[in-house]
K.L.:
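Supplied in structure tokens, the structure appears directly below.
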Amino acid sequence: MTNPMNFEAFFRDFFEQRGVILPECWQGYDFVSAGVLDSFEILTMVMALEVELGVQVPAALLADPKNATLGVLANSIAEIG
């Protein structure tokens with residue numbers, strides 16, 4: 001299972017590189033409704049997650065709207081990782 005702290009560091013770094021500072025409670029951040037990432041950036045984020053954290057992110061996981069918040073996405077990935 002992937003360490004949740006790894007997710008926090010990953011997301012903070014990934015979004016900061018794109019000019020987005022995540023709130024203190026990053027788990028509740030809805031990156032989809034915020035519109036801060038286009039589809040290419042979401043794909044880039046998924047590919048980076050797979051490489052940097054050594055996890056596989058199935059396409060079905062991304063299609064689920066509940067995974068639009070970073071905490072839920074991290075938990076979903078950790079469950080399968």
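FYI, side chains are in, hydrogens and waters are out, and symmetry mates aren't considered; it's all heavy atoms of this structure. Remember, it's a predicted structure, so these values are computed and weren't measured experimentally.
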K.L.:
Working to the nearest 0.5 Å, report the span between OG1 of Thr69 and CZ of Phe31.
P.N.:
8.0 Å
K.L.:
Verify the cluster assignment for Leu73 and Leu37: are they in a single hydrophobic cluster under the rule of side-chain heavy atoms below 4.5 Å apart?
P.N.:
yes
K.L.:
For Asn67, is there any backbone N or O sitting under 3.5 Å from a side-chain donor or acceptor partner on Asp64?
P.N.:
no
K.L.:
Can you tell me how far CG of Leu61 sits from CD of Glu79, rounded to the nearest 0.5 angstrom?
P.N.:
9.0 Å
K.L.:
Working to the nearest 0.5 angstrom, can you tell me the gap between Leu70 CG and Cys25 SG?
P.N.:
10.0 Å
K.L.:
If you link I, L, V, M, F, W and Y whenever their side-chain heavy atoms are under 4.5 Å apart, who else ends up in the same group as Leu43?
P.N.:
Met47
K.L.:
Would Met45 and Phe10 count as a side-chain contact (heavy atoms from CB on, under 4.5 Å) here? Give the steps.
P.N.:
CA-CA 9 Å; Met45 180 177 73; Phe10 172 84; 3.9 Å; yes
K.L.:
Does NZ or CZ of Arg12 come closer than 6.0 Å to the centre of the six-membered ring of Phe15, within 45° of the ring's axis?
P.N.:
no
K.L.:
How close do Phe14 and Glu41 get, heavy atom to heavy atom, and via which atoms?
P.N.:
CZ-O, 3.6 Å
K.L.:
So with a 6.0 Å cut-off around CD of Glu16, is the heavy-atom count from everything else above 12?
P.N.:
no
K.L.:
Are the side chains of Thr44 and Arg18 in contact, using a 4.5 Å heavy-atom criterion?
P.N.:
yes
K.L.:
What are the two closest non-hydrogen atoms of Ala34 and Tyr29, and how far apart are they?
P.N.:
CB-OH, 3.4 Å
K.L.:
Assess the residue pair Val55 and Ile80 against the criterion (side-chain contact (heavy atoms from CB on, under 4.5 Å)); give the C-alpha distance rounded to whole Å, side-chain angles, the decisive distance to 0.1 Å, and a yes or no.
P.N.:
CA-CA 8 Å; Val55 296; Ile80 60 170; over 6 Å; no
K.L.:
Membership question, hydrophobic clusters at under 4.5 Å side-chain separation (ILVMFWY): are Leu62 and Val36 in the same one?
P.N.:
yes
K.L.:
Is the side chain of Glu50 donor-acceptor paired with the backbone N or O of Val57 at a distance under 3.5 Å, no angle test?
P.N.:
yes
K.L.:
Do Val20 and Phe11 sit in one hydrophobic cluster, given that two such residues count as connected whenever their side-chain heavy atoms are within less than 4.5 Å of each other, even indirectly?
P.N.:
yes
K.L.:
Nearest 0.5 angstrom please: Ile77 CD1 to Leu53 CG, how far?
P.N.:
8.0 Å
K.L.:
Please tell me whether Val72 and Ile42 are part of a single hydrophobic cluster in this structure, the criterion being side-chain heavy atoms less than 4.5 Å apart.
P.N.:
no
K.L.:
What are the two closest heavy atoms between Leu22 and Trp26, and how far apart are they?
P.N.:
CD1-CB, 4.1 Å
